[in-house]
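Encoded as structure tokens, the structure appears first; notes follow it.
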Amino acid sequence: MLNIKDIFAKAGDKDILKGLNLEVKPGEVHAIMGPNGAGKSTLGNVLAGMPHVEVTAGSVDMQGKDLLALEPEERAAEGVFLAFQYPVEIPGVNNMYFLRTALNAQRKYRGEEEMDSASFLRMVKQKIKDMNMRDDLLKRPVNVGFSGGEKKRNEVFQMGVLEPKLAILDETDSGLDIDALKIVADGVNQLRSPDRSFVIITHYQRLLDYIEPDFVHVLADGKIVRSGDKNLALELEEQGYGWLNQ
Amino acid sequence: MSEIDNQTASTADVENRAVKERANQAYKDGFVTDIESETLPPGLNEDVIRQISAKKDEPEWLLEYRLNAFKQWQAMPNPDWAKLNVPAIDFQAISYFSAPKSNKNAPKSLDEVDPKLLETYDKLGVPLHERERLAGVAVDAVFDSVSVGTTFKAELEKVGVIFSSFSEAVKDHPELVKQHLGSVVPSRDNYFAALNAAVFSDGSFVYIPKGVRCPMELSTYFRINAINTGQFERTLIVAEEGSYVSYLEGCTAPMRDENQLHAAVVELVAMKDAKIKYSTVQNWYPGDENGKGGIYNFVTKRGLCQGDNSKISWTQVETGSAITWKYPSCILRGDHSSGEFYSVALTNNYQQADTGTKMIHLGKNTKSTIISKGISVGKSSNAYRGLVRVAKKADHARNFTQCDSLLIGKDCGAHTFPYTESANSTAKIEHEATTSKISEDQLNYCLQRGIGEEDAISLIVDGFCKQVFKELPMEFAVEAKALLDISLEGAIG
Amino acid sequence: MAGLINNWQEAINNAKALTSGWPQWLQQKQAESLGRLDGFAIPNRKMETWRYSDSGKLQNTDVVSSAELDLAELDADLCILIKSQGFEAVGEMPDWLQVTDIHQLAEQEWLPMVAKTHEKEQAMLQLNQALFHAGVALKVKNNEQHADFVIAVVYDLAENAWQFVHNHFEIGDNSQVTINEIHAGGLVNQTAVWSLGRDAQVKKTVWAQFESEATLVSFNQVNLNQNADMKTMNHRFGGTLQHHNQQVEFLAEHAKFAAGSVNKANGNSHIADIVNVFHDKKHNTSEVIHRSIADGQSQIFNNAKAVVAHGADHSEISQDLKNILLSDDAKVFSKPELEVSTDEVVAAHGSTIGALDESSLFYLQSRGIDAKQAKDIMIESFVAEAEVC
């Protein structure tokens, strides 16, 4: 699915990623943990194609395509979805319209037929029900006036509608209370399938109680310094990241 | 007063109580120094300009410069666009040169300066004696039209810093003066700049050589003493590549019933990587509570960020003058250069102020910050006028402006006139402003905690100005706060 | 100024021919206005209100004929077509509404138009008052609430010469109405007085969207009585030159005024959007929101000014001017102004000029929307904030 080879990346003048390697196979869930400033969010941004993050060396292969050569919207259409740590507010544009535009743009790119508004509405209503979310979400402008938790739920809901192949969750758990965390985890678990992969970026082990990862990696100073199974996350929870400095 | 009273005090009470009762504290710098002066008779013509130039033994080119400026001035209209009510100024009734007589043959050292003059500066709290070196501030003192003494010259010379009166600089460093005079504010720039270029008497000159960080704060104290005299000083600061200087300016004048004119020009030039910090505490005599007397302060201050990565920062605390008309500005020519303007302007009684800044973005990645705090009291009028202009080539230029006005009393005015212009699609300009009266909630909160209303107002105003005060060098910040307190006193009701 | 008169001689002749049958008192007033023109200069860049508009474009009389308007598309209950001479009403005229030619107005109902700021720069207003030859007086009776009844005022004017229109809108006490104005193009100098009675509510939407050469200069005076509520929404696009001036006066207390503008300019269009609100009385509220987008070599000028008089306590003012530059050759000027002479006020303003927000654009792209469409969505989102009605 995804093969990241020896990536170096800069944000502004600062070197953030310094030789990061990661392979994700279809159906796998990878958790990326690590201290603040290690480069976790930059990894997500590199994959999604955020401007101002400059990849200086290395490659990213996604199902045989050079991901780094694609525009952000092409990556999305290829199946990359980033759940933002800080979702942007877009006043005056309602969620429904936004999602339909996004979905149809992706379908068009893939040579699929656009979805008419009636079938789209049916699909969206069903999804929102499945994911235990309130449907007034659909009528409101994108993220405007949403609480932190609502914004994160909206990200997961969008993921459900767009059905990506590779979903990257950037600290989706931060700032969530336990109920919101469960809703978010539920949403992710419903989407787990043998041909869909997840990269879950998180600072805490908490989310991993609900979404069980196949692999856990520790990212520190721009590199993956340790990998293991879900027990590594528990170990980190106990020990913190202090040992990294030793 | 009991606590209950405090709790239930309405704002109306607050505005009418003790503050009003306290006598108007006299303008503390309002004394007159009894000193013999040599003053030109009032009037302005080519002859007067020739006399000023001759008295100062000036080179021919400078006289030409003056005469040329005078011609330009004569053809210019008096500007009327400001939100100011300026009575007609009779330029023929003003004397354009006044010098303390004892100073005629310029003193070689401070020991030769008339003790009465030194006393004046002592009264003002300006340390002129080198024994006060602990203060760590080099001072140039300008009394009426001439510089009476500059401290710490020797120490500064050791690192190559030139800090002298403008007249001395014309004699000792004519090439530097000639190169930079009028390069930032040309004589034709505006009415008062042209007048200044024609008749300027003295002022300060600062030159910081390449790579030098000026080891101490430099400071000029301006004092108008003589009657019916205008003061037209000129300040020029040149900071060569990679240098740094912090410059302070203070101004006072005696209390007189007549209005006096002050029309200064300040030019700053910052080369590559150079930084200039210019701070002003302006406390010219504001006139009495009926609006009689006071200084007309028409000043042109402008800095040129010539080199890449240069920076010019203006900080001003304006509490004095009957009329203030000044817009310390930055021309951001070098790429990555930045300009700052931090201002507190307080007007009381019948004072009028129209002040603000201009930030002209020419270079790429240039940045400017404007923080302006206006406080209007009594029957005064206080306007912020600003211009932010991004030229076509100024890619990624960035401006942020915040401009707040506080009204204390029913009869004052607070006005905001920000102009923003952009011709570059990658630039970003943000301006925000508020106008409101002093918060009743804040006042009542203070009262409830047992703080008297006058102290409460002073506290709240101080908080309102904090963002600007923190930009001032420490000695000045203390003085600025004290000045603000005095200006607020006896004003509410 | 004789030069000014000469400039407009053709228009003067034209107007005189069209208004020869008008009542004596009105012809007299127009003659007086014409006489006063001597005191005005031709608009030029030294004028504050024309500083950012190329007034030379006023001399440009090349006009591409405008597209035919389909009245059905206007979705109005009643269309009033203003012609160079007279007007035509399409649809049913309800009994609570009275529409007449402007010259049918009784002399005592006449309201002079006087600019309260930059008086010396108002040659175009003065010219209009001297030369108007068309327009309607529209009156809504008291206690008639018809917010759902849409009246469309369509400027269906000749295109080959300057047209001068003056309207008079009078909304009775406690009445409600919705009025849309549609400008079709040409060379138009349009003025209007709006008078809202006590508790009256008006929703007004103006469309001045030009695909081709067109010049429109307007001055709208709004007078608000006790508790009146006026919402004005302006949609402007293109044209050679658009220069709009709104002047609002509160005659009593507890009234509200809101003005939204969406100004889009491309090509060589110049759009100036000036709103002056005078808070002379207590307890009134005004809100001005402009969203402007300049592309091509266009220029947009936004100016909101609020003047709060001594003693006009409890005034609330907000000015929100946001601008986006889409091209390197376009220019935007933005000037929110506050003049406050009393202390019981809440006044705030903001003004920004910038590009489309990059992080929002990226967010849209990361969901699969291409850059061009993402930009369109962002623009839609940006202008939606100005929708006051």
Side-chain angles (χ1 to χ4, degrees), chain B residues 11 15 81 83 374 376-377 379-440 492, chain C residues 46 48 51-52 292-297 299-358:
Chain B
T11 326
E15 286 170 1
W81 42 261
K83 180 110 185 129
S376 316
V377 191
K379 295 186 184 320
S380 69
S381 165
N382 197 334
Y384 167 82
R385 187 181 303 275
L387 168 67
V388 176
R389 175 180 289 150
V390 175
K392 195 173 157 73
K393 298 226 161 85
D395 290 348
H396 305 289
R398 184 85 178 82
N399 159 266
F400 175 76
T401 300
Q402 191 190 337
C403 177
D404 298 313
S405 303
L406 201 59
L407 293 142
I408 304 178
K410 289 246 157 288
D411 301 322
C412 52
H415 317 299
T416 313
F417 307 109
Y419 291 65
T420 50
E421 311 179 2
S422 176
N424 186 296
S425 65
T426 61
K428 197 168 174 189
I429 301 176
E430 272 179 276
H431 167 97
E432 51 191 54
T434 60
T435 303
S436 62
K437 67 181 251 178
I438 201 158
S439 154
E440 289 182 29
I492 301 151
Chain C
K46 283 194 179 144
E48 197 66 18
R51 198 165 143 171
Y52 304 111
S292 299
I293 298 165
D295 203 348
Q297 286 109 51
Q299 291 190 12
I300 299 181
F301 172 45
N302 281 297
N303 179 203
K305 184 188 189 96
V307 181
V308 183
H310 184 230
D313 288 338
H314 307 287
S315 296
E316 285 184 31
I317 295 137
S318 119
Q319 300 167 336
D320 172 10
L321 313 181
K322 293 203 173 109
N323 304 278
I324 285 178
L325 276 167
L326 290 180
S327 98
D328 281 342
D329 296 316
K331 283 184 189 164
V332 161
F333 311 94
S334 187
K335 181 162 71 128
E337 298 175 89
L338 294 170
E339 283 186 44
V340 179
S341 300
T342 195
D343 64 342
E344 288 282 355
V345 290
V346 179
H349 71 209
S351 162
T352 64
I353 308 177
L356 289 172
D357 180 50
E358 276 192 29

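The chains referred to below are lettered A, B, ... by the order of the sequence lines, with proteins before strands, and numbering in each begins at 1.
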> So does B:Glu421 pair up with C:Lys331, basic N to acidic O under 4.0 Å?
Replying inline: no

>> Could you walk me through whether C:Thr352 and B:Glu432 satisfy the side-chain contact (heavy atoms from CB on, under 4.5 Å) test, starting with their C-alpha distance in whole Å, then the side-chain angles of each, then the deciding distance to 0.1 Å, before giving a yes or no?
In response: CA-CA 8 Å; C:Thr352 64; B:Glu432 51 191 54; over 6 Å; no

> For B:Lys393, does the NZ atom have more than 12 heavy-atom neighbours from other residues, nucleotides or ligands under 6.0 Å away?
Replying inline: no

>> With rounding to the nearest 0.5 angstrom, report the NE2 to CD distance, B:His431 to C:Gln319.
In response: 9.0 Å

> Between B:Thr420 (side chain) and C:Ser334 (backbone), is there a donor-acceptor pair under 3.5 Å?
Replying inline: yes

>> At a heavy-atom distance under 4.5 Å, which candidate from B:Pro418, B:Cys403, B:Ala423 has the highest pair count against chain C?
In response: B:Pro418

>> What part of B:Ala427 gets within 4.5 angstrom of chain C, counting heavy atoms only: side chain, backbone, both, or neither?
In response: backbone

>> Just verifying a value: how many Å separate C:Glu339 CD and B:Ser381 OG, rounded to the nearest 0.5 Å?
In response: 8.5 Å

>> Ignoring hydrogens, what is the shortest heavy-atom contact between C:Leu338 and B:Thr435? Give both atom names and the distance.
In response: CD1-OG1, 3.6 Å

> If you look at every heavy atom in C:Val340 and B:His415, which pair is closest and at what distance?
Replying inline: N-ND1, 3.2 Å

> Side chain, backbone, both or neither: which part of B:Lys83 has a non-hydrogen atom closer than 4.5 Å to chain C?
Replying inline: side chain

>> Shorter than 4.5 Å, heavy atoms on both sides: which option in B:Ile429, B:Asn424, B:Thr426, B:Leu407 has the most such pairs with chain C?
In response: B:Ile429

> Picking from B:Ser405, B:Ser436, B:Ala414, B:Gly413, which has the most non-hydrogen pairs under 4.5 angstrom with chain C?
Replying inline: B:Ala414

>> Looking at every heavy atom in both B:Ser425 and C:Ser327, which two are closest together, and how far apart are they?
In response: CB-O, 3.5 Å

> So which of B:Thr434, B:Thr416, B:Asp395, B:Val388 has the largest heavy-atom pair count under 4.5 angstrom toward chain C?
Replying inline: B:Thr416

> Roughly how far, to the nearest 0.5 Å, is CD of B:Glu430 from OG of C:Ser351?
Replying inline: 10.0 Å

>> So for C:His349, is it side chain, backbone, both, or neither that comes closer than 4.5 Å to the heavy atoms of chain B?
In response: both

> chain B heavy atoms under 4.5 Å from C:Phe301: which part of the residue, side chain, backbone, both or neither?
Replying inline: neither

> Does B:Lys410 reach the side chain of C:Asp313, with side-chain heavy atoms less than 4.5 Å apart?
Replying inline: yes

>> Need one label for C:Glu48: side chain, backbone, both or neither, based on atoms under 4.5 Å from any heavy atom in chain B.
In response: side chain

>> Let's test your reading of the structure: which of C:Pro336, C:Gly350, C:Gly354 forms the most heavy-atom pairs below 4.5 Å with chain B?
In response: C:Pro336

>> Let me confirm one number: the OH-CD distance from B:Tyr384 to C:Glu337, rounded to the nearest 0.5 Å.
In response: 12.5 Å

> Where on C:Val345 is there a heavy atom nearer than 4.5 Å to chain B: the side chain, the backbone, both, or neither?
Replying inline: both

> Who among C:Val332, C:Ile353, C:Leu326, C:Leu325 has the most heavy-atom pairs with chain B under 4.5 Å?
Replying inline: C:Ile353

> What pairs with C:Lys322 under salt bridge (Lys or Arg N to Asp or Glu O under 4.0 Å), at least two apart in sequence or on another chain?
Replying inline: C:Asp320

